Amino acid sequence: MPGLNGSPRGALAAALMIFLTPAASAQERLADAPIVYLRATTSVSARVDEYVARHARPVQLSAAAMDQLSAMTPDEVITQVCGSVREGYYAAFLAANPGLALARGRVIGDAAHTLVLPACLYAGRVDAEGLPQEIGAEALAGASRRSNLIVSAVRGVGSLLTGNSTLYASAVVALAPLDVSSEEFLEGVAAAARQDEDVRVQPLPLGRIVVSLADANCETSRAVFDPAFFRENYRFARLRARAQGREEHGRAHVYVVDNGFFGARNVDWEHAFEDSPFPPYLFRPSPLTVVEGELAPGRGAPLNYANPDLSPNPISGHGTHVAGLAIGGPQFAELRDLYDNDISPWMSVTILNVGDGGETIEPSTQSDLQNALEFGPSQQRIVNLSLSFDGAALEDMGSLYVRLFRTDALFVVAAGNSAPDAQRDVSSMATYPAAFGGLVTPNVMTVAALDARDRLAEFSNFGARGVDIGAPGCRVPSWLDNSGAVTPLSGTSAAAPAVTFAAALVSSLSSELDARAVKARLIAGGDLLETETGARLAYRIKLNLLKPLFPFDDLIAFSDAPAVFFGGSVLRLEGVRCADSPRPIALRDLWALKREGEHFWAYRGRTTQAVSEPCLASVDANARLVFREEFRVSEGAPPASTRNGDVSIGLDQLGEIVMRDPPREPSH
């Protein structure tokens with residue numbers, strides 16, 4: 001991205017939000033002065049860059065993130081952190097590193113480990129055509145404001161057209177004043193911007209961990225899978241992917257962003273997991289701690305046992321409970337010998353502690369998480385977020401997540417828990433980050449909690465636009481510590497890691513599957529919910545762990561035998577259209593067709609590699625499907641290869657179609 005030289009003098013209209021630090025020990029340890037949040041709404045002047053760089057704490061990166069810098073040039077690093085390379089900031093960057101031989105166009109190399117990154121505002125110059133569609137580019141062209149999430153996201157990201165038709169995208173950043181008070185810092189930035197009349201100061205609402213409910217009044221949800229049946233089908237799914245020449249070596253990098261981990265003791269690696277139900281080979285050791293996951297130096301020790309004031313309970317052990325479910329929970333423990341080994345496990349887990357055993361999210365979490373993901377490994381990342389912010393109290397909060405969700409990862413988000421008689425639609429409440437799921441962002445999956453009858457749990461938030469999928473969320477068993485004792489908890493944060501686990505399994509089949517592909521497969525392979533519950537979710541579905549395991553095959557099931565499905569190739573589909581359209585649905589654009597009584601729901605968008613809102617389908621009387629069967633999967637029997645040739649099937653007999661992941665353009 002080019003620099004912002006030549007921008008109009010005084011072009012910064014800064015929105016300044018001061019964080020009112022609560023009387024909580026975790027926050028008090030972070031900084032003497034409260035965290036200050038700033039957002040530039042156009043380009044940034046050199047005066048502002050210099051003031052922020054001089055008076056705010058440098059950007060804090062984890063040791064793993066610093067390793068990534070060694071392969072980057074100074075301009076690449078600055079663009080990641082600040083959005084663009086600006087001369088004012090570049091001068092501050094060089095001044096902060098006087099002993100390092102830094103040159104533009106040359107990788108930083110070993111100097112990365114001692115590099116100082118001065119603080120900065122985030123502002124970048126972009127082309128309107130380059131903006132993701134989910135940001136709402138139509139609003140930038142002057143469309144009328146509507147009270148929906150897309151337009152709110154445009155306001156939050158602070159994208160404005162300046163007089164010279166240049167588009168600047170910005171985001172909220174968290175800054176810790178060093179040598180001045182927060183009030184003096186805000187005044188200094190305003191003076192540097194020379195835009196005092198455009199400065200506003202607001203309290204920033206505290207974020208919360210979406211903790212589980214130990215006493216929720218709901219019957220135990222149904223299990224996601226039968227272990228023995230699943231074992232055989234996972235084996236068969238890997239053989240199918242291999243037989244089709246798909247690239248293997250899939251490995252999910254799972255990040256559990258929560259309030260810490262009691263699954264290992266705070267001792268040397270050799271003894272940390274003794275007698276623990278968590279297998280050590282899924283957790284990578286760090287030079288600084290037993291389990292990798294420090295967000296920034298001195299920030300967020302992953303192990304809660306490192307804090308002598310904490311002991312495991314349903315609140316402090318929440319992150320442990322979630323981590324247990326993200327690796328499959330107690331039910332999956334007996335299956336791990338199928339494909340786990342110490343040399344090349346199918347997944348790895350990183351613990352990012354943002355709550356220190358409590359319910360309140362520590363300041364600057366979003367910025368630190370942004371840095372951790374931007375500089376971390378990029379392949380097949382799945383991030384489980386049990387976090388909630390009140391975006392109605394401060395709309396700019398959403399811009400932190402807009403920027404975060406542009407990173408190459410699949411984000412699985414708990415929808416949140418509310419009282420049964422409360423407003424529970426995540427979009428209406430502007431509950432962040434949950435409201436960015438569903439139809440809004442193609443790499444975010446927001447998860448609602450289902451009860452034993454596969455209906456929405458009475459505490460679960462929902463959203464016909466922002467919530468993707470339902471998963472078991474009532475009295476779900478997992479571990480609170482390393483003792484092996486199992487505790488059932490309820491909540492959307494117990495439902496979300498089931499989807500994270502499913503996403504990790506799909507990712508493990510092939511390294512070809514990226515975040516959008518995994519989300520699309522979980523949606524297409526989901527099961528329709530009954531009408532009342534389904535209407536409250538964007539895709540009207542619940543999690544199915546089995547069908548997504550065959551991402552490179554087309555699947556069909558018959559209406560009179562929904563528990564049996566057949567794999568192979570759909571060769572032709574005729575006579576199906578959305579009820580509100582005269583044009584038939586092209587097979588190449590179809591993700592899934594799912595029967596509800598006498599009707600079908602059609603899921604399109606396969607040509608764009610995302611899933612669009614399902615439409616009620618109209619099916620002609622003579623509509624037919626031509627299918628080439630190659631295997632079948634049925635309960636109570638091992639999966640079996642078949643060779644039954646091409647079969648023509650009337651859609652009156654069909655229960656479901658799930659289409660394969662489409663071929664992808666090779667990356668350059």
Side-chain angles (χ1 to χ4, degrees), residues 149 218-219 221-222 224 412-418 420 423-429 431 434-435 437-440 442 444-474 492 495-496 498-499 502 519-548 555 557 559 562-563 565 576 578-580 585 590-605 610-619 651 654-659:
L149 185 64
C218 61
E219 186 180 348
S221 297
R222 283 189 264 182
V224 181
V412 181
V413 183
N417 310 322
S418 299
Q423 165 63 265
R424 291 189 285 153
D425 188 299
V426 297
S427 298
S428 298
M429 295 187 296
T431 301
L439 305 170
V440 181
V444 178
M445 295 192 72
T446 298
V447 186
L450 302 178
D451 63 17
R453 296 178 296 168
D454 284 338
R455 295 182 180 178
L456 202 71
E458 64 174 10
F459 54 78
S460 178
N461 289 347
F462 53 82
R465 178 170 179 79
V467 179
D468 297 78
I469 191 170
C474 286
T492 58
V499 175
K519 172 173 175 172
R521 194 62 190 176
L522 292 176
I523 297 299
D527 294 331
L528 272 181
L529 289 161
E530 55 88 19
T531 303
E532 182 180 354
T533 299
R536 294 181 170 187
L537 306 181
Y539 296 111
R540 316 178 75 93
I541 61 165
K542 66 178 180 178
L543 177 65
N544 181 302
L545 206 60
L546 192 57
K547 287 179 289 185
L555 309 176
S559 55
F565 64 83
V576 180
C578 288
D580 58 357
I585 297 173
L590 183 70
W591 274 113
L593 195 66
K594 299 178 185 293
R595 179 180 291 277
E596 184 180 44
E598 298 300 315
H599 306 283
F600 283 98
W601 288 96
Y603 295 73
R604 296 160 297 160
V611 186
S612 58
E613 184 176 9
C615 70
L616 196 62
S618 173
V619 178
L651 262 65
L654 201 68
E656 181 178 24
I657 303 172
V658 178
M659 299 298 293

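No experiment lies behind these values; they were computed from the predicted model shown.
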Query raised in the report: Taking everything shown except Glu219 itself, do over 12 heavy atoms lie less than 6.0 Å from its CD?
Result: no
Requested in this report: For the pair Phe462 and Ser418, evaluate side-chain contact (heavy atoms from CB on, under 4.5 Å) and give the outcome as yes or no after the intermediate values.
Outcome: CA-CA 10 Å; Phe462 53 82; Ser418 299; over 6 Å; no
**Report entry** Qualifying residue for side-chain hydrogen bond (donor to acceptor under 3.5 Å, both in side chains) with Asp527, from Arg540, Lys547, Lys594
**Finding:** Lys547
Where do [X] and [Y] come nearest, in terms of heavy atoms and distance?
X      : Y      : value
Ala415 : Ala434 : O-CB, 3.8 Å
Leu529 : Asp454 : CD2-O, 3.4 Å
Leu651 : Leu593 : CD2-CD2, 3.9 Å
Ala495 : Ala448 : CB-O, 3.6 Å
Ala464 : Ala535 : CB-O, 3.6 Å
Ile585 : Ala602 : CD1-CB, 3.6 Å

Indicate yes or no: at least one non-hydrogen side-chain atom of [X] is less than 4.5 angstrom from one of [Y].
X      : Y      : result
Leu456 : Glu532 : no
Asp468 : Ile523 : yes
Phe600 : Leu616 : no
Gln423 : Ser428 : yes
Phe459 : Cys474 : yes
Ile657 : Leu555 : no
Tyr539 : Val611 : yes
Arg604 : Cys615 : yes

Look only at the side chain of [X] and the backbone of [Y], and say whether a donor-acceptor pair between them is shorter than 3.5 Å.
X      : Y      : answer
Trp591 : Gly525 : no
Thr492 : Ala449 : no
Arg424 : Ser460 : yes
Arg455 : Thr533 : no
Lys519 : Val444 : yes

Query - Basic-acidic side-chain contact under 4.0 Å: Arg453, Glu530 - result: no
Query raised in the report: Looking at Arg536 and Asp425, does any basic side-chain N land under 4.0 Å from a carboxylate oxygen?
Result: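 Judged by the 4.0 Å cut-off on N to carboxylate O distance, Arg536 and Asp425 do not form a salt bridge.
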Requested in this report: Could you check Leu543 against Leu450 for side-chain contact (heavy atoms from CB on, under 4.5 Å), going step by step and ending with a plain yes or no?
Outcome: CA-CA 10 Å; Leu543 177 65; Leu450 302 178; over 6 Å; no
Query - Pairwise distance OG(Ser559) to CZ(Arg595) - rounded to 0.5 angstrom - result: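 Result: 5.0 Å between the selected atoms.
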Report task. Begin with the C-alpha distance, continue with both residues' side-chain angles, and end with the deciding distance and a verdict on side-chain contact (heavy atoms from CB on, under 4.5 Å) for Leu537 and Ile469. Result -> CA-CA 6 Å; Leu537 306 181; Ile469 191 170; 5.8 Å; no
Query raised in the report: Val413 pairs by side-chain contact (heavy atoms from CB on, under 4.5 Å) with which of Thr431, Val467, Thr446, Val426?
Result: Thr446
Query raised in the report: Among all residues two or more places apart in sequence or in another chain, which pass the side chain to side chain donor-acceptor pair (under 3.5 Å) test with Glu596?
Result: Thr531, Trp601
